[in-house]
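This report concerns only the one structure given below.
All values derive from a computational prediction rather than experimental measurement.
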Amino acid sequence: MLLGKKRRLGRRIDEISVGEKLSLTEKMEDKDLLLYLGLTDDANPLYIQHDYASQTPFEKPIVPSIMLIGIMTSAVSKYLPGPGSHLLKQEIEFLKPVYHYGTVEFLLEVIEVNPADHVVVIRVTGMNEANEKVIEGKLMVCPPHRLEDIHGKVLDNF
């Protein structure tokens, strides 16, 4: 449990509208790849061994798809809708590989707001440095719920 200052929550569902966009650019650095691979204990040679990857159709090591998903879900948690959000469903297609030291520009766009189900649908696209689409998909997100003020329910100690 965290003590101290409460973090500000992201936007409520009634504060989000269709057409909102978020753009972010990420460069796939060795430090990030090694941290991910170390945390997951993933030793896939396609991700880390240049000699192996050079003999595959990819020709060089690629970034794990799940790491790219992590970047997208992090954008949801941090920005759109923001802290307190929860990813409910993802439909992601990886159209082309993303290579080490590559840059991906992610574009997230709200395409549906459903207050009855408390769900926002966000379209995601990713473009590489050659302006080729490498990622395409949708994220179904539950924006943060507003909680009642706890101070109104505080009981005095005996």
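- For Tyr47 against Ile62, the heavy-atom pair with the smallest separation is CD2-O, 3.4 Å.
- Using a 4.5 Å heavy-atom cutoff, the side chains of Ile135 and Phe94 are in contact.
- The shortest side-chain heavy-atom distance between His100 and Lys60 does not fall under the 4.5 Å cut-off.
- Distance check, rounded to the nearest 0.5 Å: OH of Tyr101 to CD of Glu129 gives 13.5 Å.
- For the pair Val119 and Cys142, the minimum side-chain heavy-atom distance is 4.5 Å or more.
- Closest approach of Leu95 and Glu136 over heavy atoms only: CD1-CB, 4.0 Å.
- Partner Pro64 forms a side-chain contact (heavy atoms from CB on, under 4.5 Å) with one of Ile48, Leu37, Leu46, Asn44 and no other, that one being Leu37.
- When each of Asp32, Leu33, Leu39 is checked for a side-chain contact (heavy atoms from CB on, under 4.5 Å) with Leu35, only Leu39 meets the rule.
- When all heavy atoms of Ser23 and Leu107 are compared, the closest pair comes out as CB-CD1, 4.3 Å.
- Tracing side-chain contacts under 4.5 Å through hydrophobic residues (I, L, V, M, F, W, Y), one never reaches Val121 starting from Val113; they form parts of separate clusters.
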Fill in: Evaluation steps, side chain to side chain contact (heavy atoms under 4.5 Å, CB included), between Ile92 and Leu139
CA-CA 8 Å; Ile92 306 293; Leu139 304 173; 3.9 Å; yes
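- For the pair Pro83/Pro144, no side-chain contact is recorded, criterion being any heavy-atom separation below 4.5 Å from C-beta on.
- Counting heavy atoms from C-beta outward, Gln49 and Pro61 have side chains that stay 4.5 Å or more apart.
- Both Val120 and Val18 are members of a single hydrophobic cluster when ILVMFWY side chains are connected at heavy-atom separations under 4.5 Å.
- Contact annotation: the side chain of Val63 never approaches that of Tyr99 to less than 4.5 Å [non-hydrogen atoms, C-beta and beyond].
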Please evaluate residues Leu80 and Arg11 with respect to the criterion side chain to side chain contact (heavy atoms under 4.5 Å, CB included), reporting the C-alpha separation (whole Å), side-chain torsions for both, the decisive distance (0.1 Å), and the verdict. CA-CA 8 Å; Leu80 187 64; Arg11 291 182 298 138; 3.3 Å; yes
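- Leu24 contributes atom CG, which lies 8.0 Å from atom NZ of Lys78 (distance to the nearest 0.5 angstrom).
- Distance check, rounded to the nearest 0.5 Å: NZ of Lys138 to NZ of Lys89 gives 9.0 Å.
- Nearest heavy atoms, Pro115 versus Ile13: CA-CD1, 3.8 Å.
- Here Glu109 contributes atom CD and Ile122 contributes atom CD1; the two are 10.5 Å apart, rounded to the nearest 0.5 Å.
- If you chain together hydrophobic residues whose side chains sit under 4.5 Å apart, Val104 and Met127 never meet in one group.
- The hydrophobic clustering, which links ILVMFWY residues whose side-chain heavy atoms are closer than 4.5 Å, places Leu88 and Ile111 together.
- Of all non-hydrogen atoms in Met28 and Ile71, the two that sit nearest each other are CE-CD1, 3.8 Å.
- Following chains of ILVMFWY side-chain contacts shorter than 4.5 Å, one cannot reach Leu68 starting from Met140, and the two form parts of different hydrophobic clusters.
- Listed here is the closest heavy atom pair of Glu20 and Glu15: OE2-O, 3.7 Å.
- If you take CD on Glu91 and CZ on Arg123, they are separated by 12.5 Å, rounding to the nearest 0.5 Å.
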